[in-house]
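Have a look at the structure below before the remarks.
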2 protein chains.
Amino acid sequence: MTRAALAAKAPEERRERIMLATIAVVRERGFAGTRVADIALEAGTSQGLVLYHFGSLAGALAACLTMLEDEFYDDFAQHLAAENGPVERLRFMAELAAGRGAAVGNWGLWLELWARALRDPDSRAVRESQDRRWRTVLRRVVDEGVADGSFSPSSAAKSVLRLAALMDGLAVQLALNEPGMTTRKFTELWWDSAVLELGITEPAKRGKTPR
Amino acid sequence: MTRAALAAKAPEERRERIMLATIAVVRERGFAGTRVADIALEAGTSQGLVLYHFGSLAGALAACLTMLEDEFYDDFAQHLAAENGPVERLRFMAELAAGRGAAVGNWGLWLELWARALRDPDSRAVRESQDRRWRTVLRRVVDEGVADGSFSPSSAAKSVLRLAALMDGLAVQLALNEPGMTTRKFTELWWDSAVLELGITEPAKRGKTPR
DNA sequence: GCGTATCCTGAACGATGGTTCAATATGCGC
DNA sequence: GCGCATATTGAACCATCGTTCAGGATACGC
């Protein structure tokens with residue numbers, strides 16, 4: 001099996017490996033610093049193959065973008081569904097955004113994506129879609145909380161906008177590891193804001209608030 | 001005077017012109033897309049001169065960064081001092097950040113700066129200093145308000161952190177002109193948050209909140 | 001077994017763009 | 001006016017990639 005079997009499922013697997021390599025390199029060097037040669041090296045293939053599969057460096061980067069997007073979202077949606085009520089869900093979102101699960105190490109990528117979105121339509125589309133997804137979920141959780149009486153925002157729409165924006169803003173500090181900003185502080189600050197915005201009374205049960 | 005005088009003060013003036021050109025080009029093309037040739041063209045000089053004055057493209061970009069920083073801050077501090085009380089000052093900050101004065105067209109640059117700061121120490125330093133300045137001023141205004149009874153935050157430090165972060169987050173949307181995000185909405189959303197955070201009772205007098 | 005389509009490689013090509021440099025101009029003290 | 005220091009230029013240089021390409025290997029239908 002060894003040689004033959006490996007080669008057999010190679011094409012698709014190879015393609016995948018290149019995409020993963022692309023993400024890895026972009027994480028390390030950033031979009032601007034990513035070269036075809038780096039990707040090939042990381043993936044253990046030739047430069048030619050990268051171009052063969054994705055047509056151009058830009059193509060590879062684009063593929064990596066959409067992959068990232070889906071990866072993050074799938075992971076997230078799955079875990080969110082496991083939570084019980086709106087308060088727990090909200091708490092989960094706060095913790096996830098701060099750096100649990102698939103978000104780990106991704107904020108840096110988002111920062112780059114934002115900058116890129118200023119000029120590159122593909123990046124803009126990905127960023128927009130990602131953002132919309134996130135806000136939609138947040139909105140749903142808030143509505144759920146309003147329905148069952150846990151939340152009482154003066155305006156759900158505005159609260160969602162602000163809470164989403166606050167996350168982005170806190171994320172900048174986290175990504176640039178501003179002295180004093182930590183995962184815990186991120187969660188705490190955001191959660192306090194959510195309490196204020198939504199008038200949450202019931203304390204969150206999930207996660208170790210302590211310390 | 002014409003020819004001679006112009007040439008006389010030329011060196012310094014030329015240098016300045018190159019810096020301004022650099023800012024202009026960076027605004028238009030972004031950091032990554034800025035070439036020495038673009039700067040030279042915009043400044044009406046040769047590529048050689050750009051390198052002569054700043055040593056390298058990176059040097060020119062760095063110079064433009066610090067210039068930007070000072071430019072923004074000076075303009076800002078001057079206007080802020082003109083406002084009367086803490087509520088007015090806060091309101092002024094909300095409006096300025098949303099796009100008045102020197103901030104116009106700068107949010108895109110900030111986004112780029114954040115991304116750059118992930119890897120470039122110079123950019124990181126500028127961003128950090130800029131951020132600290134802004135938060136310091138915000139803190140001062142808040143303290144002032146606490147002192148004269150206009151504000152009553154549960155924690156001044158946390159409120160300042162959150163309000164500053166919220167601005168950055170809203171700025172992302174504004175810079176990428178997310179459909180639905182406008183200068184007015186920016187101000188409105190942020191101001192509502194400030195009211196909530198600081199427990200402001202007195203309505204803001206400044207600025208045309210109306211339509 | 002044979003031919004064809006898919007995969008894959010490594011080297012070479014070519015464009016782009018930062019940097020160097022020799023030559024020239026300009027202002028300025030003497 | 002003479003020279004020296006500072007500015008300024010434009011062209012040439014050269015490193016760095018992205019991309020192309022001609023050639024092989026591999027799988028697969030017939």
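In the text below, chain A, chain B and the rest are named by the order of the sequence lines, each starting its count at 1.
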Taking the six-membered ring for Trp and the full ring for Phe, Tyr or His, determine whether the centres of A:Tyr73 and A:Trp134 are under 6.0 Å apart.
no

Whole-Å gap separating P (D:dA7) and CZ (B:Arg17)
16 Å

Examine D:dT6: is either OP1 or OP2 under 4.0 Å from a nitrogen or oxygen in the side chain of B:His53? Give yes or no.
no

side-chain contact (heavy atoms from CB on, under 4.5 Å) filter on B:Glu28, not counting sequence neighbours, yields none

Between the side chains of A:Asn106 and A:Arg27, does any donor sit under 3.5 Å from an acceptor?
yes

For C:dC7 and A:Arg14 - does any side-chain N or O of the residue sit under 4.0 Å from the phosphate oxygens OP1/OP2?
no

Between A:Lys158 and B:Glu188, does any side-chain N to carboxylate O distance fall below 4.0 Å?
yes

Would you say B:Trp110 and B:Arg127 make side-chain contact, with heavy atoms under 4.5 Å?
no

At less than 4.0 Å, is any side-chain N or O atom of A:Tyr52 found next to OP1 or OP2 of C:dC7? Yes or no.
yes

I'd like to check A:Val172 versus A:Trp114 (side-chain heavy atoms, cut-off strictly below 4.5 Å). Are they in contact?
yes

Report the distance from atom CD of A:Glu12 to atom C1' of C:dC8, rounded to the nearest whole Å.
15 Å

Quantified as the angle between the terminal helix axes (five pairs each), what is the overall bend of the helix from C:dG1-D:dC30 to C:dC30-D:dG1 to 10 degrees?
0°

In the structure I gave you, are the side-chain heavy atoms of A:Leu174 and A:Lys185 within less than 4.5 Å of one another anywhere?
no

A:Arg116 side chain to A:Arg124 backbone, donor-acceptor under 3.5 Å:
no

What does the B/S/- profile of nucleotides 10-19 of chain D look like, 5' to 3', with a 4.0 Å heavy-atom cutoff to protein?
B------SSB

When rounded to whole Å, the CZ to P distance for the pair B:Phe54 and D:dT8 reads 11 Å

